[in-house]
Amino acid sequence: MTIFTTFADHIDVALNTLIDEGLLPSDIDRSNVTIEPPRDASHGDISTNAAMVLSKAAKKNPREIAQALAVQLEQIASVTEVEIAGPGFINMRLDNMVWRDEMLEIAKRGDDYGRAPTKTGKTINVEYVSTNPTGPLHMGHCRGAVVGDALATILEFAGNDVIKEYYINDAGGQVDTLSRSAYLRYLEALGRDIGEIEDGLYPGDYLIPVGKRLAEKYGDKYADAPEGDWLVLFREEAVDDMMDMIRADLSLLGIKHDVFASEAALHVEGKADIAEKWLRDNDLVYDGVLEKPKGKTIDDWEPVTLPLFRSTQFGDDQDRPIKKSNGQWTYFGADLAYHYQKSESADALINIWGADHAGTVKRIKAAVSAMTQGKTDFDIKLVQMVRLLRGGEPVKMSKRSGSFITLKDVIDEVGKDVVRFTMLTRKADAQMDFDFAKVVEASKDNPVFYVQYAHARICSTIRKALDEDIVPSDKKLELLEDEEYALVKEASNFSRLVEAAAKTREPHRIAFYLNDLASALHSHWNLGNDRPEKRFILAQDKDKSAARLFMAAQIAQVLKNGLKLMGVEAAEAM
RNA sequence: GCGCCCAUAGCUCAGUCGGAUAGAGCAUCAGAUUCCUAAUCUGGGGGCCACAGGUUCGAAUCCUGUUGGGCGCACCA
């Protein structure tokens with residue numbers, strides 16, 4: 001129960017009274033009524049637009065409704081003042097008792113403060129990262145990984161059961177390439193001269209240990225064997241090694257998936273065939289000829305009959321093949337089966353995709369909607385590219401030489417917390433720059449340190465106070481003053497923010513909120529420069545000091561809980 | 001040519017289900033350290049919310065069109 005939900009109830013009761021009195025029709029739609037803190041704190045503590053939203057249906061002047069509502073709201077014990085403003089806003093000021101109770105609530109619930117009080121009963125599957133198992137994670141994968149992970153954490157905190165899933169594309173042509181690349185390193189480990197690595201194979205050094213391991217395990221058994229003897233075996237071996245490497249990279253970011261789903265396993269289990277049959281039975285797949293691609297000229301293009309999904313029915317610009325002419329499944333075909341599988345164990349699916357996959361969103365949404373008869377809530381969050389800079393200059397990455405910037409390199413250089421926080425300081429669908437030079441700087445340019453510093457500042461103050469025999473205490477909270485209540489009010493917004501971030505699926509909101517809360521703390525702190533009586537530690541008034549420190553401890557708790565949602569450490573000292 | 005995303009201060013970006021005088025950081029200018037961590041704070045200047053219509057009590061926010069930018073458009077993944 002947050003302050004805002006409490007007041008939603010109060011307003012419901014007040015509206016019921018107005019209906020009884022005949023001032024409002026009984027069937028009014030309350031869905032647009034909001035209860036929120038006014039943007040400008042001078043307007044009060046809590047505000048509702050009820051009168052304005054309901055005026056049309058009631059055929060009454062909004063101020064008239066506001067007047068009647070105000071009379072009801074004035075009777076609530078915790079409300080000290082009701083004011084009608086502007087076109088019909090109702091602003092209320094609350095007794096400080098409300099904020100003292102909120103502090104006690106924070107203290108009581110601790111790490112769970114802000115967590116939804118009741119479960120939604122929904123299971124949400126968040127699929128993220130899902131990079132091809134052909135090499136280490138590089139920076140291009142990083143943002144989606146962080147956004148997906150933070151989103152999963154937030155959704156869980158907001159009362160949902162969450163499955164964190166990784167889809168392993170271990171069935172397409174790219175893993176055959178991996179197998180051949182690993183084979184080459186295997187020959188190399190056996191002492192053969194492999195010369196230059198040919199174009200089209202993966203040249204990266206990370207396959208050298210894979211080759212060594214294969215050489216140790218199998219000796220020269222496959223050294224002169226035809227490809228058919230080793231391709232599948234080496235593919236499985238190499239994919240396993242790659243996934244171990246990817247899991248290790250992810251753990252550097254603090255990311256741990258619950259489920260690793262294999263595309264190859266889907267095919268073995270015949271899931272794609274089942275999906276195809278279902279789609280054919282429902283006339284969503286038919287045998288047809290692809291149109292010639294537009295906007296691009298392809299030399300060896302020729303018409304072929306393929307099983308096509310009727311994605312044009314759902315707004316796509318052409319029907320899409322689910323199988324290739326060689327009989328293998330296309331990525332899209334397998335994806336249909338995969339999403340159907342996911343929908344069987346979740347009420348909602350969220351995919352975190354790179355923006356370069358934007359073109360395929362429509363068709364997969366259409367397909368999932370058809371296959372689940374619209375019962376599964378399916379959302380795809382597109383994450384825009386990150387441009388790597390160093391001192392304003394783009395960092396060069398060459399795929400050809402295999403010398404891309406790996407995630408591990410970046411974390412080694414700037415640390416997990418900086419990477420995670422920075423990736424969450426922008427809406428996912430906005431492009432962003434990531435500048436090494438700025439991001440390592442422990443300063444105002446960097447919101448991570450700003451927020452962590454606020455937390456550390458409180459921790460160190462409490463440590464210092466304990467040295468002086470002042471112990472944070474809730475015994476005399478009534479000694480707190482306006483500036484301190486203002487901080488508590490800001491902290492009380494945390495649950496609303498969590499709700500909003502979960503609902504809109506926008507983790508960046510937490511980052512901005514924490515920045516605001518940290519700013520309020522720093523600002524309050526500096527009051528003590530000019531006005532020593534505003535400091536937290538007051539040797540001459542231990543009761544007041546104890547109350548202030550208790551308040552500060554609750555601010556720290558909220559900062560900590562917010563940082564945890566982002567996967568960032570709440571430092572106790574800096 | 002088509003689809004998706006975006007357009008807010010000099011720069012990078014927030015902006016709650018449509019709500020009150022559109023905010024923050026950087027940059028810039030002027031200040032604050034005998035003081036619980038200055039990794040901080042206070043104040044000033046800086047806006048046609050791309051443009052034009054529409055919806056309504058009210059639009060940066062919703063709808064339509066225009067302009068500008070990014071991404072994508074193979075049976076690849």
Side-chain angles (χ1 to χ4, degrees), chain A residues 31-34 36-40 43 47 49 52-53 55-56 61-62 85-89 91 131-132 134 169 172-174 290 292-296 298 300-301 304 306 315-318 320-326 328-335 354-362 382 384-385 425-427 429-433 435 438 441-447 449-450 452-454 456-458 460-465 468 493 496-497 499-500 503-504 508-509 511-512 515-516 519 521-530 532 535-539 545 549 552 573-574:
Chain A
S31 58
N32 289 325
V33 174
T34 61
E36 54 190 23
R39 289 190 183 182
D40 185 341
H43 288 138
S47 171
N49 62 353
M52 290 180 293
V53 201
S55 69
K56 200 170 188 186
N61 182 316
F89 286 100
N91 297 326
T131 56
N132 286 334
T134 55
N169 296 127
Q174 80 285 354
L290 271 184
K292 192 165 184 170
K294 297 179 179 104
K296 233 184 182 180
I298 295 153
D300 56 352
W301 188 86
V304 190
L306 294 167
D316 204 348
D317 47 356
Q318 77 179 80
R320 302 291 172 174
I322 61 168
K323 275 185 183 173
K324 306 183 215 172
S325 51
N326 65 9
Q328 284 181 355
W329 293 95
T330 62
Y331 182 84
F332 175 60
D335 228 18
D356 50 342
H357 289 66
T360 66
V361 167
K362 245 183 188 169
L382 291 179
Q384 285 289 343
M385 300 295 145
T425 51
R426 222 132 286 187
K427 259 189 311 212
D429 52 14
Q431 290 159 268
M432 82 182 290
D433 292 345
D435 195 321
K438 283 190 176 174
E441 202 181 306
S443 76
K444 48 212 160 188
D445 237 10
N446 197 330
F449 295 106
Y450 187 79
Q452 287 184 321
Y453 180 39
R457 211 166 207 183
I458 294 171
S460 94
T461 306
I462 291 174
R463 281 194 300 268
K464 167 133 189 167
E468 299 182 20
N493 268 325
R496 289 181 74 241
L497 256 295
E499 251 173 64
K503 188 173 171 186
T504 57
H508 77 276
R509 287 171 187 252
F512 280 89
N515 209 63
D516 287 348
S519 169
L521 186 276
H522 287 310
S523 186
H524 183 266
W525 174 279
N526 276 274
L527 285 180
N529 282 341
D530 287 340
R535 294 182 188 176
F536 287 93
I537 298 176
L538 303 166
S545 194
L549 289 164
M574 296 185 75

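Throughout, protein chains are lettered first and strands after them, A, B, ... in sequence-line order, and every chain is numbered starting at 1.
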Nearest non-hydrogen partners of [X] and [Y], listed with the distance:
| X | Y | value |
| --- | --- | --- |
| A/His43 | A/Asn91 | O-CB, 3.0 Å |
| A/Leu497 | A/Arg509 | CD1-O, 3.8 Å |
| A/Leu549 | A/Ala465 | CD1-CB, 3.4 Å |

I'd like the [atom1] distance from [M] over to [N], given in whole Å.
| N | M | atom1 | answer |
| --- | --- | --- | --- |
| B/G58 | B/G68 | C1' | 30 Å |
| B/G18 | B/C26 | P | 32 Å |
| B/C57 | B/A52 | C1' | 24 Å |
| B/C4 | B/U64 | P | 11 Å |
| B/A9 | B/G44 | C1' | 15 Å |
| B/A27 | B/U12 | P | 15 Å |
| B/U16 | B/G23 | P | 13 Å |
| B/C41 | B/A59 | C1' | 36 Å |

Donor-acceptor check, side chain of [X] to backbone of [Y], threshold 3.5 angstrom: yes or no?
| X | Y | answer |
| --- | --- | --- |
| A/Ser519 | A/Asn515 | no |
| A/Asn169 | A/Asn132 | no |
| A/Ser545 | A/Phe536 | yes |
| A/Ser47 | A/Pro38 | no |

Is the ring of A/Phe89 stacked on the base of B/A20, with centres less than 5.5 Å apart and planes under 30° off?
-> yes
Discussion item. Should A/His508 be counted as stacked on B/A14, where stacking needs a ring-centre gap under 5.5 Å and an angle between planes under 30 degrees?
Written reply: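 By the stated criterion, A/His508 and B/A14 do not stack.
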Using atom [atom1] of [X] as one end and atom [atom2] of [N] as the other, report the distance to the nearest whole Å.
| X | N | atom1 | atom2 | answer |
| --- | --- | --- | --- | --- |
| A/His43 | B/G19 | NE2 | P | 15 Å |
| A/Asp530 | B/A32 | CG | P | 11 Å |
| A/Gln174 | B/A77 | CD | C1' | 6 Å |
| A/Leu527 | B/C35 | CG | P | 18 Å |
| A/Glu36 | B/G18 | CD | C1' | 11 Å |
| A/Arg320 | B/C76 | CZ | P | 11 Å |
| A/Lys503 | B/C17 | NZ | P | 6 Å |
| A/Trp525 | B/U33 | CH2 | P | 17 Å |

Residue matched to [N] through Watson-Crick or wobble contacts both under 3.5 angstrom:
| N | result |
| --- | --- |
| B/G53 | B/C63 |
| B/C17 | none |
| B/G47 | none |
| B/G25 | B/C11 |
| B/G3 | B/C71 |
| B/A32 | B/U40 |
| B/G58 | none |

Taking only side-chain N and O atoms of [X], does any of them lie within less than 4.0 angstrom of OP1 or OP2 on [N]?
| X | N | result |
| --- | --- | --- |
| A/Arg457 | B/A38 | yes |
| A/Lys464 | B/C35 | no |
| A/Tyr450 | B/C26 | no |
| A/Trp329 | B/C75 | no |
| A/Lys362 | B/C4 | yes |

5' precedence on RNA chain B between A/Leu382 and A/Thr504 (nearest-nucleotide basis):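 So the residue in question is A/Leu382.
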**Message:** I want to confirm an ordering. Mapping A/Pro38 and A/Thr461 to their closest nucleotides on RNA chain B, which one lands closer to the 5' end?
**Reply:**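 On the 5' side of the pair lies A/Pro38.
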Counting side-chain heavy atoms from C-beta on, which of [options] comes nearest to [X]?
| X | options | answer |
| --- | --- | --- |
| A/Phe449 | B/C36, B/C75, B/A39 | B/A39 |
| A/Ile537 | B/C36, B/A20, B/C17 | B/C36 |
| A/Val304 | B/C17, B/A77, B/C75 | B/C75 |
| A/Pro321 | B/C17, B/C75, B/A14 | B/C75 |
| A/Asn526 | B/A77, B/C4, B/C41 | B/C41 |
| A/His522 | B/C75, B/C41, B/A77 | B/C41 |

Which part of the nucleic acid, if any, lies within contact of [X], taking any heavy atom under 4.0 Å across all strands shown: a base, the sugar-phosphate backbone alone, or nothing?
| X | value |
| --- | --- |
| A/Arg496 | base |
| A/Phe512 | sugar-phosphate |
| A/Asp335 | nothing |
| A/Ser47 | base |
| A/Ser523 | sugar-phosphate |
| A/Pro532 | nothing |
| A/Gly528 | base |
| A/Gly173 | sugar-phosphate |
| A/Ala85 | base |
| A/Thr330 | sugar-phosphate |
| A/Asn169 | sugar-phosphate |
| A/Ala465 | nothing |
| A/Asn132 | sugar-phosphate |

The reported gap from CZ in A/Phe332 to CD1 in A/Ile322 (rounded to nearest 0.5 angstrom) is 8.0 Å
dist A/Ser523:OG -> A/Asp516:CG (nearest 0.5 Å) comes out at 12.0 Å
- Query: Do A/Thr360 and A/Tyr331 touch side chain to side chain, with heavy atoms closer than 4.5 Å?
  - Reply: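 No. Closest side-chain heavy atoms not under 4.5 Å.
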**Message:** Suppose we call a contact any N or O donor and acceptor under 3.5 Å apart; does that hold for the side chain of A/Arg535 and the base of B/C35?
**Reply:**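 Donor-acceptor pair under 3.5 Å: yes.
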* Is A/Asn91 side chain donor-acceptor paired with the B/A20 base, going by distance under 3.5 Å alone? ->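 A donor-acceptor contact between them is present.
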